[in-house]
Amino acid sequence: MADRQALEEVVTFTSDLIRIDTTNRGGGDCQERPAAEYAAARLAEAGLDPTLLERTKGRTNVVARIEGSDPSADALLVHGHLDVVPAEAGDWTVHPFSGEVRDGVVWGRGAVDMKNMDAMILAVARLWARQGIRPRRDIVIAFTADEEASAEDGSGFLADRHAALFEGCTEGVSESGAFTFHDGSGRELYPIAAGERGTGWLKLTARGRAGHGSKVNRDNAVTRLAAAVARIGEHEWPLRLTPTVRAALTELAAVYRLAPDLDDVDGLLKQLGPAAALVEATVRNSANPTMLDAGYKVNVIPGAAVAHVDGRFLPGTEDEFRTTLDLLTGPDVEWEFDHREVALQAPVDSPTFAKMRAAVEEFAPQGHVVPYCMSGGTDAKQFSRLGITGYGFAPLKLPEGFDYQALFHGVDERVPVEALHFGVRVLDRFLRTA
């Protein structure tokens, strides 16, 4: 079991990692190396032999392996990313890179996404070294760069160029699961991710006839683009239930003692109340226009106009997604994937899911563990190229009123110290038995 040192270290490591500014703006200027060196040093102190790997100078990844007691068992990947999204200090109550611990809470960018989980992994690895513990399976630890952008310098690079480091890994766990979701009526839900929507970031280009802004122009690229963007934004995507979402709805219905009527999903979601937030974004595909770029002067009609759309598609629906975009953009607008990654699905009846459930229930016996599908994506997408089935499992016990989801990429990101302690205990319990 987690000792006092592990509980102290997880707080220290979270704070220290937050103070290392690893902001990823997507332009390639992020430098994860200082955080990677910090993590590698903590692992080396625990007797492990971490490897540091870069595709691009300064964009550093760390991989280490803890040998299990059963050489015939499949290995388990435990991974977390080191980069964070930008933060404007003037918008925050506490400086986003201070790592300050105030009133029992650790503040800063990365506190929930996801330097907290990185710190938990380090604390558990060092706990095992002190106590002489060997897990049943090999545990491969990976701290990655570039997750908040394309992952080309991180998990994509590792999967494509260093697959041997992950030999034997069949399953993996990482961010966005096993956190407390309070439904407002006293129930505590603990969603564990067993799927992700695919990523389809789109670039739309409309071309037309350039000309003077005072002249009639029926070939106006901006008009064509605007019409396509409006169609995409207004489109009602049809209901599509994946096995993971079906399981989520069925288990949530059981928690609330409702008939699991999957023929009327919208009606069921209304009955679930606040808990519907766990699934409502994953019963359909989506495409949200996010950026527009056209013209350089008000009285000049440009010859081209560009828009960007954040598209997400469920497992098994990518062909439908593509066909729908062809129809919505029409003949006058071209579209292409600016960035595309696969949708994922993991079994919820696996022994690994059962062990994650048991670990949470041991330390949160009043809670209800349910599966869910992430609306976004993680490094599990890239590691799936190696045949690794990914789950979201970064346990945190959060107080009521603490809006975990809003803090992802939000202002005043923070995590309670007690939540980190819970995470270490649960992660330790799960990984020992996995």
Would you call Arg246-Glu251 a salt bridge at under 4.0 Å N-O? no

Listed once per pair and sorted, the ring pair (Phe, Tyr, Trp, His ring centres under 6.0 Å) pairs that draw on residues 89-116, sequence neighbours left out: none

List the residues meeting ring pair (Phe, Tyr, Trp, His ring centres under 6.0 Å) with Phe363, not counting sequence neighbours, and say none if there are none. none

Partners of Gln366 by side-chain contact (heavy atoms from CB on, under 4.5 Å), sequence neighbours excluded? Glu188, Tyr190, Ala364, Lys397

Please tell me whether Ser185 and Asp183 have a donor and an acceptor in their side chains that are separated by less than 3.5 angstrom. yes

Mind checking ring pair (Phe, Tyr, Trp, His ring centres under 6.0 Å) for Phe179 and listing every partner two or more places apart, or none if nothing turns up? Tyr404

For Arg209, salt bridge (charged side-chain N to carboxylate O under 4.0 Å, His left out) partners two or more places apart: Asp219

Donor-acceptor side-chain pairing of Asp153 and Thr56 below 3.5 angstrom: yes

Residue that, paired with Thr378, satisfies side chain to side chain donor-acceptor pair (under 3.5 Å) out of Glu147, Glu175, Glu341, Glu196: Glu196

Under the ring pair (Phe, Tyr, Trp, His ring centres under 6.0 Å) rule, collect the residues that match up with Phe166, sequence neighbours excluded. Phe383

Using 30° and 60° as the class boundaries, would you call the ring planes of His339 and Trp201 parallel, tilted or perpendicular? tilted

Under the side chain to side chain donor-acceptor pair (under 3.5 Å) rule, collect the residues that match up with Asp118, sequence neighbours excluded. none

Pairs flagged by ring pair (Phe, Tyr, Trp, His ring centres under 6.0 Å) wherever residues 236-281 is involved - sequence neighbours left out: His235-Trp237, Trp237-Phe321

Could you tell me which residues satisfy side chain to side chain donor-acceptor pair (under 3.5 Å) with Thr205, sequence neighbours excluded, listed by chain and number? none

Quick one: side-chain contact (heavy atoms from CB on, under 4.5 Å) partners of Glu148, sequence neighbours excluded? Asn24, His81, Asp83, Val85, Asp113, His409

Pair Arg109 + Glu88, salt bridge at N-O below 4.0 Å: no

With sequence neighbours excluded, what pairs up with Thr51 under the side-chain contact (heavy atoms from CB on, under 4.5 Å) test? Leu53

Going by the rule salt bridge (charged side-chain N to carboxylate O under 4.0 Å, His left out), which residues pair with Glu361 if we only count those two or more places apart in sequence or in a different chain? none

Does the cation-pi check pass for Arg42 over Tyr38, that is, NZ or CZ under 6.0 Å from the six-membered ring centre and within 45° of its axis? yes

